[in-house]
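One structure is given below, encoded as structure tokens.
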Amino acid sequence: MPQHITYTNQVGAALDRVLASTCCLRLFVLTDENTHQLVLPHIDSKALHQATEIIIHAGDEHKTLDALAQVWHALSDDGATRQSVLVNIGGGMVCDLGGFAAATFKRGIRFINIPTTLLSAVDAAVGGKTGINFNGLKNEVGAFAEADEVIISTCFFKSLPPKELRSGYAEVIKHAMLDGHETFGQIIEQAPQQLTLQQLEASVQVKQRIVAQDPHEQGLRRTLNLGHTVGHALESWAFQRSGLAGTSFQGSGIRASMPHGYAVAWGLVAEAVLSHMLLQFPSDDLHRLGTYVRDHYGTPGITCDDYPTLLELMRHDKKSRQGEINCTLLRHIGDPVIDNPITDDDIKTALDILRDYVD
Ligand code: GLY
């Protein structure tokens, strides 16, 4: 069954309604230092006034075991029981970490996600992937656990910097590519800030439909990895280049120096090139995507000297098998094919063509 999602700009009222129908003995709310200051005061909820607030540091570099332990401690010290509910208010980091804290505390308490970024609304808050970064690896430890309710409001997005909005929009483009020509045509012909609530809802539904059929990623859900083999390698490459790799930064060794969605946008182009080369994905759709990504996301700034590092990162990606690089590709818009083994030479060609589009 698809996860229950409420779309509303009356977030406080929606939360009170959900909690009124839940047997919740104690309410906890997880924020980071940004959402504590900028979002929580604007949620007009009676229930939240009674809640115990847990505030963690903001940023993916804090999606760590230390922060997780902080949440467990707060729940334990303030008497959380199996009947308690945790409300996660924030971006992907808060939803991922808070979801994992809830999934594991007393073997699982209920939780509600209120995503405050476009990226978390279309991705992290929905679908039940929770977790933390560990041992220098993103999302290395986690669990599948769906939020009991997700409350999505566009009112939080208005104050997002354009870069953050563009980052989330890359996942909207990915969902459109998985969905079909009509959606792709609409999404690719407007600027990220023109996204309507209806389009946002449709985008989330693409993910919901896939997750409902394959919640634990045995097959179909891997289609959601479109753009992410190359995308994750670019993200890790940017992190290494930032000079912080190998240092234990706040205990995780991970620092996000390239916005996730930007890496996904470039990854989508590279993987559309591979789709064209290997599955005859139409060149006009590739061209539309490449042009859009050039105009809205610019360039990742890679050169061919970076290819060996990028290939090595792709080989170590969770999605690769026994060192063989593996991608989800498309035959057509709306027609994905999972588990395509890719050669190094094909990746290099795809990166060359990506650079031809965006450099
Ligand atoms: N972010 C991809 C997934 O949830 O499967």
Side-chain angles (χ1 to χ4, degrees), residues 1-5 60 63 88 90-100 102-103 111 113 115-133 137-150 152 164 166-179 187 200-236 254 256 258-268 271 314 317-321 326-330 336-340:
M1 223 184 42
Q3 187 167 33
H4 195 261
I5 302 184
D60 203 65
K63 207 168 89 175
N88 301 316
M93 182 268 188
V94 168
C95 293
D96 282 0
L97 187 142
F100 189 45
F111 67 102
N113 282 339
T116 56
T117 63
L118 176 59
L119 185 61
S120 58
V122 291
D123 196 17
V126 177
K129 280 189 181 174
T130 70
I132 56 164
N133 302 328
L137 297 165
K138 280 178 82 81
N139 303 322
E140 181 70 349
V141 179
F144 286 103
E146 285 204 327
D148 292 84
E149 175 78 33
V150 183
I152 295 181
E164 180 61 52
R166 281 196 290 269
S167 185
Y169 201 76
E171 294 284 351
V172 176
I173 298 173
K174 180 192 81 178
H175 289 163
M177 291 173 77
L178 294 173
D179 191 40
I187 292 300
L200 170 66
E201 217 174 308
S203 185
V204 175
Q205 278 165 8
V206 172
K207 176 164 183 179
Q208 277 189 290
R209 272 199 299 274
I210 294 169
V211 171
Q213 292 173 71
D214 179 20
H216 294 160
E217 202 169 303
Q218 300 301 303
L220 182 69
R221 187 167 180 165
R222 282 189 227 139
T223 57
L224 291 170
N225 293 333
L226 184 68
H228 283 64
T229 299
V230 175
H232 277 156
L234 288 169
E235 240 181 318
S236 302
I254 288 175
M258 178 186 281
H260 174 72
Y262 277 61
V264 170
W266 294 313
L268 286 172
E271 292 179 24
M314 286 180 224
D317 189 274
K318 278 200 213 71
K319 295 176 282 304
S320 65
R321 293 180 182 176
N326 195 286
C327 285
T328 292
L329 300 179
L330 292 172
V337 183
I338 59 170
D339 294 338
N340 297 275

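One-based numbering, in listed order, for ligands and for the atoms of each. Basis for what follows: all heavy atoms, side chains included, without hydrogens, waters or symmetry-related copies.
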Notebook entry, point to check: Any idea which atoms of ligand 1 are less than 4.0 Å away from a heavy-atom of Asp123?
Noted result: 1 (N), 2 (C), 4 (O)
Check: Counting both backbone and side chain atoms, is some N or O of Lys129 under 3.5 Å from an N or O of ligand 1?
Finding: yes
Item checked: No-hydrogen, no-angle side-chain donor-acceptor test under 3.5 Å, His228 and Glu235 -> no
Item checked: ligand 1 contact by His228, heavy-atom criterion under 4.0 angstrom -> no
Item checked: Nearest atoms (heavy-atom pairs only) where Arg221 meets Ile210 -> CA-CG2, 3.6 Å
Notebook entry, point to check: Tell me, do Leu118 and Leu200 make a side-chain contact under 4.5 Å, heavy atoms counted?
Noted result: yes
Check: Do Met314 and Val230 have side-chain heavy atoms sitting under 4.5 Å apart?
Finding: yes
Notebook entry, point to check: What protein heavy atom sits nearest atom 5 (O) of ligand 1, and how far off is it?
Noted result: Arg221 NE, 2.8 Å
